[in-house]
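To start, the structure under review is shown below, and the notes come after it.
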Amino acid sequence: GLEELGPRDGRDQAPRGQPSEEVTSAHTTPDHASHRPAPVAEWDSELRARFERPGGLGQILNVMSTLANHPGLFGRWVVFANHFLFKSTLKVRAREIVILRSGWLAGCAYEWGQHVKIATADAGFGEAEFAALAEGASSRLWAPAEAALLRAADQLHRETTIDDATWGTLATRYGIQQLMDVVFTV
């Protein structure tokens, strides 16, 4: 089941249990006080006002409450993050493929966990897609353009560039703004 899936250490592997204690604690419960999530009561009043609407304060992710320690950065980060989640030129399925593969490669249990929920709810992902994300572009589940998205995420993660063949494949399906969204989403 999904509980068997999670990011690994950057190597393509079959799913094998929960993320390690080291990965989980490193990405969800930092010990260093300057990185701890700030309780909403300690938030800057302007920042708090952004979330004081029905349901707003009950759905705060750790990344947001951690960034609340730096209101200026938070304000700028949320605009950037908002683009990728709500205004990206990529369709939801393509966006989640890129985000989840990047989270998998980075071994980021937090990113993986958040986007498993999003991909399930918004893109209809199930166990087959999550297992195929772990396998990568070689999985038979992916259409050619989706496999190219996975190769792009892999290449950006490993080499910080996308090779000409992968870019060419992507360019047959996506326009320049979508291609830029792929790069910046990774």
Side-chain angles (χ1 to χ4, degrees), residues 2 5-15 19 23 26-27 50 59 61-64 66-67 70 72-186:
L2 292 179
L5 299 176
R8 301 292 167 245
D9 61 2
R11 295 173 288 173
D12 293 336
Q13 301 177 23
V23 169
H27 295 284
R50 287 180 181 225
Q59 299 177 12
L61 302 175
N62 277 347
V63 67
M64 293 181 185
T66 301
L67 282 168
H70 190 329
L73 175 61
F74 182 96
R76 287 162 182 81
W77 173 85
V78 79
V79 171
F80 190 72
N82 186 56
H83 172 81
F84 294 107
L85 287 178
F86 305 111
K87 297 178 181 176
S88 175
T89 59
L90 296 172
K91 293 189 183 220
V92 173
R93 182 177 174 89
R95 180 195 75 208
E96 291 304 315
I97 286 171
V98 172
I99 291 171
L100 283 162
R101 184 62 178 174
S102 298
W104 178 272
L105 293 170
C108 185
Y110 183 82
E111 190 75 5
W112 177 265
Q114 291 301 315
H115 283 276
V116 162
K117 295 174 194 171
I118 293 169
T120 300
D122 297 349
F125 278 33
E127 291 188 32
E129 285 83 2
F130 296 118
L133 281 160
E135 187 177 338
S138 64
S139 170
R140 294 177 186 243
L141 180 78
W142 306 118
E146 294 172 332
L149 289 170
L150 291 161
R151 284 193 303 279
D154 289 359
Q155 291 168 11
L156 286 167
H157 179 78
R158 293 187 178 117
E159 290 96 36
T160 68
T161 190
I162 298 174
D163 68 31
D164 291 341
T166 300
W167 188 265
T169 301
L170 289 170
T172 65
R173 171 71 171 84
Y174 300 107
I176 190 64
Q177 289 182 350
Q178 291 170 310
L179 292 169
M180 290 178 71
D181 276 343
V182 168
V183 171
F184 282 91
T185 300
V186 172

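Just so it is clear, the values below take in all heavy atoms, side chains as well, and ignore hydrogens, waters and symmetry mates.
Note that CG of Leu67 and CG of Leu73 are 5.5 Å apart. Values are rounded to the nearest 0.5 Å. Taking CD1 from Ile97 and CG from Leu133, the interatomic distance works out to 6.5 Å, rounded to the nearest 0.5 Å. Atoms NE2 and OH, from His115 and Tyr110 in turn, are 9.0 Å apart once rounded to the nearest 0.5 Å. To the nearest 0.5 Å, the span separating OG1 on Thr89 from CG on Asp181 amounts to 3.5 Å. Separation of atoms CG (Leu100) and CG (Leu149) is listed at 12.0 Å; rounding is to 0.5 Å. The distance from atom CD1 of Ile118 to atom CD of Glu111, rounded to the nearest 0.5 Å, is 8.0 Å.
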**Asked** Does the pair Gln114 and Ile99 meet the rule for a side chain to side chain contact (heavy atoms under 4.5 Å, CB included), with working shown?
**Response** CA-CA 10 Å; Gln114 291 301 315; Ile99 291 171; over 6 Å; no

**Request:** Take Trp167 and Val183, measure what side chain to side chain contact (heavy atoms under 4.5 Å, CB included) needs, and give me the verdict at the end.
**Result:** CA-CA 11 Å; Trp167 188 265; Val183 171; 4.1 Å; yes

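Tyr174 places no side-chain N or O within donor-acceptor distance of the main-chain N or O of Val182, the cut-off being under 3.5 Å. A donor-acceptor pair under 3.5 Å is absent between the side-chain atoms of Arg101 and the main chain of Glu96, judged by distance alone. In terms of modelled atom types and a separation under 3.5 Å, the side chain of Trp142 and the main chain of Gly136 share a donor-acceptor contact. A donor-acceptor pair is defined here as one N or O able to donate and one able to accept, closer than 3.5 Å; such a pair exists between the side chain of Arg95 and the backbone of Leu85.
Considering every non-hydrogen atom in both Gln155 and Asp163, the closest pair reads OE1-N, 2.8 Å. The two atoms that bring Val92 and Ala123 nearest to each other are CG1-CB, 3.8 Å, heavy atoms only. Across all their heavy atoms, Ala132 and Leu141 have their closest contact at CB-CD2, 3.5 Å. Contact between Arg173 and Ala145 at its shortest, heavy atoms only, is CG-CB, 3.7 Å. Nearest heavy-atom pair, Leu170 versus Ala148, reported as atom, atom and distance to 0.1 Å: CD2-CB, 3.6 Å. Looking at every heavy atom in both residues, Ala152 comes nearest to Thr166 through N-CG2, 3.8 Å.
Sequence neighbours left out, the pairs with a member in residues 142-152 that pass salt bridge (charged side-chain N to carboxylate O under 4.0 Å, His left out) are Arg93-Glu146.
Ring geometry, Phe84 versus Phe80: the interplanar angle exceeds 60°, so the pair is classed perpendicular (tilted spans 30 to 60°).
Partners of Thr161 under the side chain to side chain contact (heavy atoms under 4.5 Å, CB included) rule, at least two apart in sequence or in another chain, are Glu159. The side chain to side chain contact (heavy atoms under 4.5 Å, CB included) search around Lys87 returns Asn82, His83, not counting sequence neighbours.
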